[in-house]
Protein chains: 2
Amino acid sequence: MSDVFKALADPTRRTILDELAERDSQTLFEICSRLAMRHGLTSSRQAISQHLDVLEVAGLVRTERRGRNKFHVLDTTPLRAIVERWPIHD
Amino acid sequence: MSDVFKALADPTRRTILDELAERDSQTLFEICSRLAMRHGLTSSRQAISQHLDVLEVAGLVRTERRGRNKFHVLDTTPLRAIVERWPIHD
DNA sequence: ACGTTATGCAAGCGGATTCTTGCGTGTCAA
DNA sequence: TTGACACGCAAGAATCCGCTTGCATAACGT
């Protein structure tokens, strides 16, 4: 549970989630280039790879290997616990 | 926006939000003693005071001074943006 | 088989965070 | 007015995070 909040605490990781929300099932290289093109991020491949590890441990990203590629898919179910923990009033 | 996630990244701060969700409008001393009694936390008064500052900057806690007391109330409206940013499927 | 491509692993550096420590300020009660 | 109480401020130490750097591994094309 703590992993989810720590994962969301970094702006680069939140942008990665945005990118995966737009286009699901991307490889690391796709994510790197699209982050640079569309979101103006200049992070290196290794940095983004480490961010994806954090997101995967938090359960916000699931992965699937095919050959030498690793595809990443968004999983927002851990976010449900946030809303259930502290009810939102109007 | 980033302040909200950073505030939620710390387990002590999340416990403070839990405590304020149970019993709203508490002073710093009330929060300190109830965190120790009911949640088993051993943080000092200054540490909790700094945590409350972080939560207030994030907009998750609002405060009101009366005399020498400062009352803290929970505000969950910043959490709405989280759910709206990445839609939750079933 | 060989080079290229996509990714993994791990040590180290710099900056941010958390907590402590000590003192300062304003408020209340007697 | 005096002392006790609730809280604020700020500097230092220890720890944590994100990033870089360099090398390693495995799959694909030719």
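Each chain gets a letter, A, B and so on, in the order the sequences are listed, and its residues count up from 1.
As rounded to whole Å, 16 Å separates atom C1' of C:dT7 from atom CD of A:Q26. Atom pair B:K6:NZ and C:dG15:P shows a separation of 15 Å (rounding to whole Å applied). Rounded to an integer number of Å, the gap from CD of A:Q50 to C1' of C:dT7 is 13 Å. Remark: P of C:dT7 and CG of A:L28 are 5 Å apart, rounded to the nearest angstrom. The distance between atom CZ of B:R68 and atom C1' of C:dC28, rounded to the nearest whole Å, is 4 Å. As a whole-Å value, the separation of A:I31 CD1 from C:dG8 P is 11 Å. Between the C1' atom of C:dA6 and the CD atom of A:E64 lies a distance of 16 Å, rounded to the nearest Å. Remark: C1' of C:dT18 and CG of B:L55 are 14 Å apart, rounded to the nearest angstrom.
The pair A:R62-A:E56 fails the salt-bridge criterion, with no side-chain N (NZ, NE, NH1 or NH2) lying under 4.0 Å from an Asp/Glu carboxylate O. Using a 4.0 Å cut-off between a side-chain N of Lys or Arg and a carboxylate O of Asp or Glu, B:R66 and B:E64 qualify as a salt bridge.
Nearest-nucleotide mapping onto DNA chain D: of A:R66 and A:S43, the residue sitting toward the 5' end is A:S43. Map A:D10 and A:Q46 each onto its nearest nucleotide of DNA chain D; the residue landing nearer the 5' end is A:D10.
Residue A:S49 places at least one side-chain N or O closer than 4.0 Å to OP1 or OP2 of C:dG8. Not one side-chain nitrogen or oxygen of A:R45 sits closer than 4.0 Å to the OP1 or OP2 atom of C:dC9. OP1 or OP2 of C:dT18 has at least one side-chain nitrogen or oxygen of B:R13 nearer than 4.0 Å.
The distance from atom CG of A:L20 to atom CZ of A:R34, rounded to the nearest 0.5 Å, is 9.5 Å.
Side-chain atoms of B:T76 come within 3.5 Å of backbone N or O of A:P87 as a donor-acceptor pair. No side-chain donor-acceptor contact under 3.5 Å links A:S49 to the backbone of A:R45. Between the side chain of B:H72 and the backbone N or O of B:S25 there is no donor-acceptor pair closer than 3.5 Å.
Here A:R65 lies in heavy-atom contact (under 4.0 Å) with sugar-phosphate atoms only.
Extent of DNA chain D lying under 4.0 Å from chain B heavy atoms, first and last nucleotide in 5' to 3' order, is D:dC5 to D:dA10.
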Item to check | Stepwise salt bridge (Lys or Arg N to Asp or Glu O under 4.0 Å) test for A:R85 and B:D18 | outcome: CA-CA 8 Å; A:R85 182 164 179 175; B:D18 289 337; 2.6 Å; yes

